[in-house]
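Scroll down for the structure; my scribbles are underneath it.
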Amino acid sequence: MEQIVTGEQMKALDVYTIEQMQMPSLVLMERAGLQVFWSMQKEGLPLSKVLVLCGSGNNGADGVVIARLLTLGGYQTDVCILGKPEHFTKEMEKQIEIGRNYGISFVKTFCVHEYTTIVDALFGVGLSREIKGTYRETIESLEHFQGKIVAVDIPSGIHAGTGAVLGCAVRADLTVTFGYKKAGLCLYPGAAYAGKLISADVGILMPPSFGSGLFACTREELKTLVRKPDGNKGSFGKVFLVAGSREIFGAAYLSGQAVLRSGAGMLKIATPKENREMFACFPEAMLAVYDEETALEELVRENLDWADVIGIGPGIGISHLSERLLELLLKLVKKPLVIDADGLRLLKGKEALLRACKGPVILTPHLGEFAALTGISIARWKENPIEITEKTAEELGVILVCKDARTLISSKEGKTCINLCGNDGMATAGSGDVLTGLILGLLAQGLLPFQAACTGVYLHARAGDLAASKKGRAAMLAGDLIDAAGEILKEL
Ligand SMILES: NC(=O)C1=CN([C@@H]2O[C@H](COP(=O)(O)OP(=O)(O)OC[C@H]3O[C@@H](n4cnc5c(N)ncnc54)[C@H](OP(=O)(O)O)[C@@H]3O)[C@@H](O)[C@H]2O)[C@@H](O)CC1
Ligand SMILES: Nc1ncnc2c1ncn2[C@@H]1O[C@H](COP(=O)(O)OP(=O)(O)O)[C@@H](O)[C@H]1O
Ligand SMILES: [K+]
């Protein structure tokens with residue numbers, strides 16, 4: 001997993017590196033400036049005339065370093081400092097002094113259209129409030145700029161912890177961020193403002209005791225999934241999935257297919273009797289059919305003994321039978337349980353039962369389901385997604401997968417993973433059912449619950465990117481994600 005930090009955490013790491021490690025802040029800044037300068041060259045930005053816009057803090061000081069490096073490199077460069085001298089940090093004062101000695105061009109006014117590239121060094125992780133006045137006018141004047149924009153550390157206006165736009169923000173083509181990716185660059189809308197994101201090492205050191213539990217999913221996670229040459233279908237895990245209803249067969253089919261495609265050994269689907277004929281097209285799945293006459297407790301107990309992991313929800317509908325099945329699972333299960341879709345809708349009012357559940361529980365709501373379950377509106381979640389997801393996971397005592405364009409996975413212990421892959425082609429009916437199946441399949445193969453949730457989300461998103469490259473984002477179907485997930489696993 002890749003470490004992600006908030007703005008406050010990044011500032012704490014700066015302080016630690018400077019004060020404890022005794023690394024001079026001007027050295028860190030020089031490295032930061034060099035990284036931006038090199039990236040601008042490497043990415044082939046048009047550098048015939050560059051404007052560097054600087055604030056009064058250390059982000060602005062980085063900007064002055066970049067202007068000096070550009071000038072020394074022979075690129076025509078102007079610097080405009082918007083911040084007031086009384087607010088300059090001591091590093092900013094020093095960089096201006098050095099810049100003057102090197103003869104860089106400071107301007108008081110400018111016309112953006114004269115430039116081919118603009119460097120945004122107005123605000124970095126120190127942005128603390130809504131942007132107003134001259135800063136706002138300047139940022140808004142960049143909206144019609146025809147050249148390229150490079151953001152230093154983070155686009156000015158984006159909150160480093162939440163990705164929110166504080167009044168207005170710079171829309172960059174390239175962002176070079178220092179040390180670690182900031183959460184605000186990983187979450188929307190911030191992610192959309194960053195353009196291409198490059199993480200650059202500038203020498204920031206993280207102490208072993210550092211308390212951030214924020215990560216991004218990476219390819220490494222998939223490597224924990226190893227096939228055993230002497231394994232059998234029992235050792236690759238047995239999944240019991242309560243899915244489908246009289247009206248909805250597809251959700252059960254998609255989840256079930258994803259379970260087996262991810263490598264699980266055996267699958268049994270509990271579904272209403274009317275679905276029996278439909279499952280003729282899915283001979284790999286065993287069936288446990290039920291109706292009004294079925295002794296549900298017996299059915300559940302029998303299958304809980306048999307299975308290694310349990311899922312409930314895809315397409316089960318809202319009925320007294322599906323509600324009873326959910327209650328029985330919550331009361332009796334001692335193994336990992338994944339609850340999705342209608343299972344989440346039925347969970348409302350059963351929070352006490354959920355908290356008392358003896359097995360580890362993974363909930364996989366999209367934001368509508370999350371809002372219905374918790375009473376927290378989608379708009380409120382979007383204001384502070386990490387904090388709200390973590391708090392809800394802790395309160396409910398579950399692993400919570402909040403599905404969105406940037407899905408968040410939080411454990412009740414306060415560890416959170418952000419998924420950075422995937423695309424809008426995945427916003428297609430049945431896509432979530434596939435994710436449920438993948439997580440169940442990974443659990444069945446022995447991944448620990450939080451690991452299975454993060455790896456499942458990552459695999460699903462990578463499959464989404466592969467499916468989009470083959471079929472296109474508009475045309476891809478949930479079923480394509482299943483085949484693509486198989487191909488991703490094959491590459492390992
Ligand atoms: N430490 C190091 O050595 C290294 C740091 N590095 C760089 O430093 C950056 C962080 O620097 P920073 O902490 O100085 O904050 P920065 O983002 O420049 O802004 C703070 C200034 O903006 C002001 N301000 C805030 N909001 C405002 C608003 N809405 N409207 C108007 N003003 C507003 C705020 O005012 P105040 O809130 O104090 O009144 C203050 O004056 C980091 O992102 C990286 O680029 C790298 O070089 C690596 C080494
Ligand atoms: N714009 C997007 N970018 C990346 N992933 C997305 C986007 N929109 C949706 N997804 C993903 O697609 C899946 C949709 O799940 P869900 O809404 O439960 O679908 P369904 O209920 O139709 O099965 C989630 O995993 C979500 O993270
Ligand atoms: K910036």
Side-chain angles (χ1 to χ4, degrees), residues 7 10-11 13-15 17-18 23-33 35-36 53-63 65 82-84 86-89 91-92 95 119-136 150-158 160 166-170 172 175-179 182 188 202-204 250-251 254-255 313-315 340-341 344 364-369 401-408 419-436 438 456-457 460-461 464-465 468 473 478 481:
M10 194 64 222
K11 281 200 217 167
L13 290 175
D14 276 352
V15 170
T17 307
I18 294 163
M23 170 62 79
S25 75
L26 291 181
V27 174
L28 293 176
M29 209 163 255
E30 197 68 20
R31 289 184 67 176
Q35 290 283 6
V36 179
L53 294 172
C54 299
S56 50
N58 283 348
N59 195 251
D62 289 343
V65 175
L82 276 86
K84 292 196 182 80
E86 56 270 32
H87 295 147
F88 288 172
T89 56
E91 287 88 350
M92 181 58 167
Q95 294 300 355
V119 177
D120 156 36
L122 292 171
F123 305 111
V125 297
L127 181 75
S128 55
R129 56 188 178 276
E130 202 170 293
I131 297 178
K132 294 190 177 133
T134 319
Y135 284 115
R136 187 167 188 144
V150 185
V152 177
D153 208 15
I154 186 164
S156 300
I158 299 299
L166 298 194
C168 63
V170 172
T175 297
V176 182
T177 200
F178 308 133
K182 318 299 178 285
Y188 286 105
V202 299
I204 303 285
L254 288 167
S255 285
D340 181 35
L344 295 163
T364 58
H366 57 57
L367 296 188
E369 288 159 348
V401 179
C402 278
K403 296 183 294 192
D404 195 25
R406 288 283 156 98
T407 294
L408 294 184
N419 172 52
L420 303 180
C421 306
N423 60 81
D424 55 82
M426 298 170 73
T428 181
S431 169
D433 304 322
V434 174
L435 174 64
T436 303
L438 293 177
V457 167
H460 183 242
D465 287 339
R473 275 147 56 204
L481 295 173

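Just so you know, residue 1 is the first one in the sequence shown, and it goes up from there. Each ligand, and each atom within it, is numbered from 1 in the order the structure gives.
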Notebook entry, point to check: Does the Ser255 side chain pair with the main chain of Asp433, one donor and one acceptor, at a distance under 3.5 Å?
Noted result: yes

Next item on the list: Specify whether the nearest protein heavy atom to atom 18 (O) of ligand 1 is under 4.0 angstrom away.
Entry: yes

Next item on the list: Could you tell me the residue and atom name of the protein heavy atom closest to atom 22 (O) of ligand 2, and the distance to it rounded to 0.1 Å?
Entry: Gly430 N, 2.9 Å

Check: Got a second to check how far Leu82's CG is from Thr134's OG1, nearest 0.5 Å?
Finding: 7.0 Å

Next item on the list: Taking Glu369 for its side chain and His366 for its backbone only, find out whether a donor-acceptor pair lies under 3.5 Å.
Entry: yes

Notebook entry, point to check: Judged by atom type as modelled, is there a donor-acceptor pair below 3.5 Å linking the side chain of Thr407 to the main-chain atoms of Asp404?
Noted result: yes

Note to self: Looking at non-hydrogen atoms alone, which of Val27, Val202, Asn58 comes nearest to atom 8 (O) of ligand 1?
What the structure shows: Asn58

Checklist line | Main-chain N/O of Val152 paired with Asn59 side-chain donor or acceptor, under 3.5 Å | finding: yes

Next item on the list: Mark up the atoms of ligand 1 that fall under 4.0 Å of a heavy atom belonging to Tyr135, in ascending order.
Entry: 31 (C)

Margin query: Please work out, at 4.0 Å between heavy atoms, whether the side chain, the backbone, both, or neither of Asp404 comes within that distance of ligand 2.
Written below: backbone

Item checked: Protein heavy atom at shortest distance from atom 43 (O) of ligand 1 -> Asp153 OD2, 2.6 Å

Next item on the list: Compute the minimum heavy-atom distance from Gly55 to ligand 1 and say whether it is under 4.0 Å.
Entry: no

Next item on the list: Please write down residue, atom name and distance for the protein heavy atom closest to atom 8 (N) of ligand 2.
Entry: Ala427 CB, 3.5 Å

Margin query: Could you identify the single nearest non-hydrogen protein atom to atom 18 (O) of ligand 2 and state the distance to 0.1 Å?
Written below: Lys403 NZ, 2.7 Å

Checklist line | Nearest-contact summary for atom 15 (O) of ligand 1 - protein heavy atom, Å | finding: Gly126 CA, 3.3 Å

Checklist line | Option nearest atom 33 (C) of ligand 1 (shortest heavy-atom distance, choices Phe123, Phe178, Phe88) | finding: Phe123

Notebook entry, point to check: What is the closest protein heavy atom to atom 10 (C) of ligand 1, and at what distance does it sit?
Noted result: Val125 CG2, 3.8 Å

Check: Heavy atom under 4.0 Å from ligand 2: found in His366's side chain, backbone, both, or neither?
Finding: side chain

Next item on the list: Return yes when Thr428 approaches ligand 2 closer than 4.0 angstrom through a heavy atom, no otherwise.
Entry: yes

Notebook entry, point to check: Closest non-hydrogen protein atom to atom 26 (N) of ligand 1, residue and atom name please, with distance?
Noted result: Ser128 N, 3.1 Å

Check: Judged by atom type as modelled, is there a donor-acceptor pair below 3.5 Å linking the side chain of His460 to the main-chain atoms of Met426?
Finding: no

Note to self: Looking at Ser431 and Ala427, would you say the former's side chain and the latter's main chain have a donor-acceptor pair under 3.5 Å?
What the structure shows: no

Next item on the list: Taking ring pair (Phe, Tyr, Trp, His ring centres under 6.0 Å) as the test, write out the residues that go with Phe88, two or more places apart.
Entry: none

Notebook entry, point to check: Can you find an N or O of Gly432 that's nearer than 3.5 Å to an N or O of ligand 2?
Noted result: yes

Margin query: Looking at non-hydrogen atoms alone, which of Arg136, Lys182, Lys132, Arg129 comes nearest to atom 28 (C) of ligand 1?
Written below: Arg129

Notebook entry, point to check: Is Leu26 close to Gln95 at the side-chain level, that is, under 4.5 Å between some pair of heavy atoms?
Noted result: yes

Checklist line | Protein heavy-atom partner closest to atom 49 (C) of ligand 1 - residue, atom, separation in Å | finding: Leu28 CB, 3.6 Å

Check: Are the side chain of Asp153 and the backbone N or O of Thr177 linked by a donor-acceptor pair below 3.5 Å?
Finding: no

Check: Which angle, to the nearest 10 degrees, do you find at the K ion (ligand 3) between O in Phe123 and OD1 in Asn59?
Finding: 70°

Margin query: Distance under 4.0 Å to a non-hydrogen atom of Met29: what atoms of ligand 1 satisfy this?
Written below: 47 (O)

Item checked: Contact partition for Asp14 relative to ligand 1, non-hydrogen atoms under 4.0 Å -> side chain

Next item on the list: Using 3.4 Å as a strict upper limit, say whether an N, O or S atom of Ile154 approaches the K ion (ligand 3) that closely.
Entry: yes

Next item on the list: For side-chain contact (heavy atoms from CB on, under 4.5 Å), just list the numbers for Leu166 and Arg129, CA-CA rounded to whole Å, side-chain angles, deciding distance to a tenth of an Å, and then say yes or no.
Entry: CA-CA 7 Å; Leu166 298 194; Arg129 56 188 178 276; 5.8 Å; no

Checklist line | ligand 2 atoms in contact with Ala429 (distance to a heavy atom under 4.0 Å) | finding: 22 (O)

Next item on the list: To the nearest 0.5 Å, tell me how far Asp62 CG sits from Leu28 CG.
Entry: 9.5 Å

Checklist line | Structural part of Asp62 in contact with ligand 1, heavy atom criterion under 4.0 angstrom | finding: side chain

Notebook entry, point to check: Which heavy atom of the protein is the closest neighbour of atom 10 (N) of ligand 2, given with residue, atom name and distance?
Noted result: Met426 CB, 3.9 Å

Next item on the list: Pull out every atom of ligand 2 sitting under 4.0 Å from any heavy atom of Thr407, numbered as shown with elements.
Entry: 27 (O)

Margin query: Below 4.0 Å, non-hydrogen atoms only: which portion of Glu91 touches ligand 1? Side chain, backbone, both or neither.
Written below: neither

Notebook entry, point to check: Of the protein's non-hydrogen atoms, which lies at the shortest distance from atom 9 (C) of ligand 1, and what is that distance?
Noted result: Asn59 N, 3.6 Å

Note to self: So if I count the atoms of ligand 1 from 1 in the order they appear, which ones are less than 4.0 Å from some heavy atom of Glu130?
What the structure shows: 29 (N)

Check: So which protein heavy atom does atom 13 (C) of ligand 2 come closest to, and at what separation?
Finding: Ser431 OG, 3.2 Å

Note to self: Could you walk me through whether Met10 and Ile204 satisfy the side-chain contact (heavy atoms from CB on, under 4.5 Å) test, starting with their C-alpha distance in whole Å, then the side-chain angles of each, then the deciding distance to 0.1 Å, before giving a yes or no?
What the structure shows: CA-CA 9 Å; Met10 194 64 222; Ile204 303 285; 3.8 Å; yes

Next item on the list: State, to the nearest 10 degrees, the angle whose vertex is the K ion (ligand 3) and whose arms point to OD2 of Asp120 and OG of Ser156.
Entry: 60°

Note to self: Heavy atom to atom 1 (N) of ligand 2, shortest distance: which of Asp424, Val434, Asp465 holds it?
What the structure shows: Asp424

Next item on the list: State, with a plain yes or no, whether a side-chain heavy atom of Thr17 is found less than 4.5 Å away from one of Met23.
Entry: yes

Note to self: side-chain contact (heavy atoms from CB on, under 4.5 Å), that's the test. Do Asp340 and Lys403 meet it? Break it down for me.
What the structure shows: CA-CA 11 Å; Asp340 181 35; Lys403 296 183 294 192; 3.5 Å; yes

Margin query: Holding to side chain to side chain contact (heavy atoms under 4.5 Å, CB included), I want the full list of residues that pass it with Ala160, two or more places apart in sequence or in another chain.
Written below: Val125, Ile154, Lys182

Check: Taking the side chain from Arg473 and the backbone from Asn423, do they hold a donor-acceptor pair closer than 3.5 Å?
Finding: no

Next item on the list: Could you see which bit of Ser56 sits under 4.0 Å from ligand 1, with heavy atoms only: side chain, backbone, both or neither?
Entry: side chain

Item checked: Top protein contact for atom 25 (O) of ligand 2, by heavy-atom distance -> His460 CE1, 3.2 Å

Check: Heavy-atom distance under 4.5 Å between the side chains of Cys54 and Met92, does that happen here?
Finding: yes

Next item on the list: Distance to 0.1 Å, residue and atom name: give those for the protein heavy atom nearest to atom 4 (C) of ligand 2.
Entry: Asn423 O, 3.2 Å

Notebook entry, point to check: Do side-chain atoms of Asp120 reach the backbone of Ser156 as a donor and acceptor pair under 3.5 angstrom?
Noted result: yes

